[in-house]
Amino acid sequence: MAAPIDLHEVAEREREEQFRTPLRVHVCHSTSCATAGSGAVLQAARDLAEGDLASSVAVSPTGCMGLCSAGPLLRVVERGGGQHDYHHVTGAAAERIVRHHADRGAAVPEHRLDTALPFFARQHRVVLANAGEIDPDRIESYVAHGGYAALERALTSMTPEDVLDQVRRSRLRGRGGAGYPTANKWALLAAAPGPVKYVVANGDEGDPGAYMDRTIMEDDPHRVLEGIALAAYATGARHAYIYVRAEYPRAVERLDRAIKVARRNRLLGRRILDTDVDLDIEIRIGAGAFVCGEETALLASIEGRRGTPRLRPPYPTERGLFGAPTMINNVETLANIAPIVANGGDWFASIGTPGSTGTKVFALAGDLVNTGLIEVPMGTTLRDIVEDIGGGMTEGHTFKAAQTGGPSGGCIPARYLDTPVDYDSLRALGSIMGSGGLIVMDDRTRMPDVARFFMEFSKDESCGACAPCRAGTVQMHHLLTTISSGRGRRRDLRDLEHLCAVVRDTSLCGLGQTAPNPVLSTLQYFRDEYEALIAPAEGGHG
Amino acid sequence: MAERVPTVPITIDGVEMEATAGETVLQCARRHGVDIPSLCFLEGLSPVGGCRLCVVEVAEDLRLRPACATTVTSDMEVTTQSSRLRSYRRSILELLFAEGNHVCAVCVSNGACELQDVAVRCGMDHVRYELQAPRRRVDASHPRYVFDPNRCILCTRCVRVCDEIEGAHVWDVAHRGHGAELVTDLHRPWGESTSCTWCGKCVASCPTGALSHQGSSVGEMRHTPDMIAWLVAARRREWTEREARR
């Protein structure tokens with residue numbers, strides 16, 4: 001058995017390497033920027049670093065810097081700590097920028113991104129602290145930023161109860177959307193009898209427009225592994241799975257590589273860091289069904305069966321994967337664990353609000369000036385997110401509504417813009433936190449169309465196991481289509497509302513129970529738009 | 001002699017009764033003559049809670065619970081009939097009728113159909129929703145049985161009986177949501193199935209006219225779903241006796 005990694009030495013060596021050149025160039029190579037052409041930017045920068053600027057420039061691909069709408073992004077970091085960001089960079093622009101920095105030691109005005117912008121200044125990065133900083137494919141890069149220090153400390157100087165206690169003190173709640181206290185779940189698994197139990201990381205992110213978990217897995221895979229390892233240590237599990245949807249091939253590839261490297265360095269596998277702790281992590285790839293994000297369907301899928309939810313109880317912590325006690329945590333939840341153990345639960349609880357601690361990553365999308373991936377403390381108001389971070393609505397348009405929680409969530413109208421974004425406030429408004437999709441819509445949006453869009457999604461993603469969801473979503477979608485087209489009658493609206501109640505209250509799993517939410521919340525706040533669409537002959541307003 | 005099974009007191013629709021520990025609300029209610037409509041449940045098979053017709057209100061529980069899969073607990077207070085439950089059940093039935101092609105007048109099971117019976121009992125006299133009128137291909141390739149998916153409500157009794165009782169697992173569900181359908185083997189015609197034992201338990205269990213005997217005409221098909229419970233009980237007794245002889 002090879003000797004385990006010496007984290008201290010690796011970190012030292014990596015930091016020395018970072019100071020070798022006066023300039024370091026970070027090229028955002030996350031999926032969004034890669035699609036926008038960051039490959040050419042990376043190549044151009046590398047050509048310089050391998051050519052005549054070899055002694056002054058080092059280049060590293062990194063994860064998401066956040067402002068996806070302005071990609072490809074490039075960052076020049078000076079040895080002294082100075083940092084300059086550039087947007088919409090091309091290969092030629094990259095060459096100009098890097099050369100200018102190297103020759104004159106000064107920033108280039110064109111393509112320059114002002115990092116004092118509220119988009120950057122208002123954010124608080126915990127989960128995404130390393131995104132844009134480290135090279136996801138190099139474990140040394142993660143270790144140099146404090147990676148695996150929490151695991152080493154936990155294994156060598158903390159008991160499993162100590163780790164659980166820090167998570168309890170952090171008051172972390174599940175980031176998959178429902179907000180169940182993470183420590184309670186852990187405690188259930190820790191208390192479950194028997195030698196075989198499992199930890200499962202849920203990376204089956206599926207809400208339209210959401211890519212928080214993808215970014216975490218792609219840009220900081222070792223953080224996910226470290227979180228899983230800490231969860232497994234605290235609960236006594238020796239085997240873990242990461243369930244990733246097949247549509248995230250880069251996430252799968254990077255996690256796979258990260259697991260191999262971690263195993264080679266004795267951070268996973270048998271006798272981790274020469275302690276008595278064993279843990280193996282396996283990746284399971286989803287087959288394209290949204291419902292597999294539901295925990296019992298996810299477990300069925302891992303077992304190789306058809307991905308349909310089953311009745312609960314028994315809950316997975318009693319009887320889960322292969323009949324053994326199992327705990328399922330969202331990827332973002334797990335990405336919070338290493339910082340909690342490293343800095344203490346109290347530190348984490350000091351961020352955010354008392355009921356919703358820590359930060360939340362959102363995929364900010366829609367009719368805004370700035371869109372991309374953001375991380376803010378819980379309790380930040382929707383107005384701050386929309387107007388400051390998002391830079392307000394696009395020219396000439398006004399805010400109409402924000403949709404959170406995707407097809408399971410609801411919309412929030414302008415009069416509630418000052419609502420703090422936390423689990424309980426959003427629920428009180430008839431929406432949910434959800435996993436982090438945040439779609440902002442302007443005055444051109446027709447709300448019945450929004451409801452119809454999400455209903456079409458739910459209809460197509462229903463597994464079909466229970467009648468109300470399978471057949472009810474079809475009928476709700478049909479009624480919404482009829483109403484949207486202006487052919488609806490008053491009766492259709494009544495039937496629609498009734499069906500919402502039927503499907504919400506009688507469906508088997510969360511997918512069906514929450515599928516009516518987009519309809520219910522648009523009806524709650526924008527009923528007049530539905531009424532205006534009712535055919536006049538049938539006694540509508542119009 | 002078998003040991004006396006412990007009982008727990010529960011209240012169903014305001015009536016106090018003794019429930020056998022470990023049984024479900026549905027089993028307890030039926031033993032006491034309380035009618036809770038259901039379609040996917042079949043005594044002898046594992047419950048899946050898919051049709052959602054047997055949902056009941058349990059005091060101090062915000063969510064409705066499927067009676068077929070909810071185990072009784074001491075002093076549980078269950079409501080099986082309320083205006084809300086009645087209206088939900090009727091809607092679910094309407095959804096089922098709108099989803100397939102349920103034309104009783106030309107169906108082999110007319111007059112002896114669980115779907116029809118439940119609809120009558122729940123007072124479903126019309127369908128408010130758009131009839132989906134799907135075009136589904138009938139599989140009459142099996143020498144002895146016919147599968148008409150137009151009459152299938154995806155209760156999965158056939159899937160479970162074939163898997164759990166016969167052990168053949170000929171049937172399963174393919175696709176999802178509104179596209180979900182029952183298939184035999186790897187989506188091959190039933191008549192070509194190499195795993196089917198011709199035992200007929202799937203046909204016996206079917207609550208509608210979806211599975212029938214070849215040659216049945218309108219109203220002629222009689223299913224025998226109760227045989228599954230008898231079979232399970234008989235097997236259990238045989239095992240118990242065999243154990244006792246050892």
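Order of the sequence lines fixes the chain letters, A, B, ..., with proteins taken first and strands second; residue numbering starts at 1 for each chain.
The two residues B:C51 and A:P468 have their closest heavy-atom pair at O-CD, 4.2 Å. Residues A:L311 and B:P66 come closest through the heavy atom pair CD2-CG, 3.9 Å. Here the shortest heavy-atom pairing between B:R52 and A:S507 reads NH2-O, 3.5 Å. Taking both residues in full, the closest heavy atoms of A:A467 and B:L96 are given as CB-CD2, 3.8 Å, listed atom of the first, atom of the second, then distance. Heavy atoms only, all atoms of each residue included: B:Q132 and A:A471 are closest at NE2-O, 4.4 Å.
In this structure, A:R306 and B:V173 have side chains that are in contact, with non-hydrogen atoms separated by less than 4.5 Å. Annotation: side chain of A:T473 is not in contact with side chain of B:H178 (no heavy-atom distance under 4.5 Å). In this structure, B:Y129 and A:L499 have side chains that are in contact, with non-hydrogen atoms separated by less than 4.5 Å.
Neither the backbone nor the side chain of A:S458 comes within contact range of chain B; no heavy atom of the residue lies under 4.5 Å from a heavy atom of that chain. Residue A:V474 touches chain B through its side chain alone, counting heavy-atom pairs closer than 4.5 Å. B:I153 touches chain A through its backbone: at least one of N, CA, C or O sits under 4.5 Å from a heavy atom, while the side chain does not. Both the backbone and the side chain of A:L508 come within contact range of chain B, judged by heavy atoms closer than 4.5 Å. For B:V55, the part lying under 4.5 angstrom from a heavy atom of chain A is the side chain only.
Between the CZ atom in B:R63 and the OG1 atom in A:T506 there is a gap of 12.5 Å [rounded to 0.5 Å].
Listed options A:V503, A:D492, A:D460 were ranked by heavy-atom pairs under 4.5 angstrom with chain B; first place goes to A:D460. With chain A as the partner, the residue from B:D172, B:L53, B:I92, B:T70 showing the most heavy-atom pairs under 4.5 Å is B:I92. For chain B, the option among A:R310, A:H478, A:Q513 with the highest count of heavy-atom pairs below 4.5 Å is A:H478.
Within the 3.5 Å criterion, the main-chain N or O of A:S462 finds no donor-acceptor partner in the side chain of B:R176.
Listed by sequence position, B:R84, B:S87, B:Y88, B:S91 are the residues of residues 78-91 of chain B in contact with chain A, using a 4.5 angstrom heavy-atom cutoff.
For the side-chain contact (heavy atoms from CB on, under 4.5 Å) test with A:Q475, the passing option among B:E94, B:R128, B:E99, B:E130 is B:E130; the others fail.
More than 12 heavy atoms of other shown residues, nucleotides or ligands fall within 6.0 angstrom of atom CZ in B:R121.
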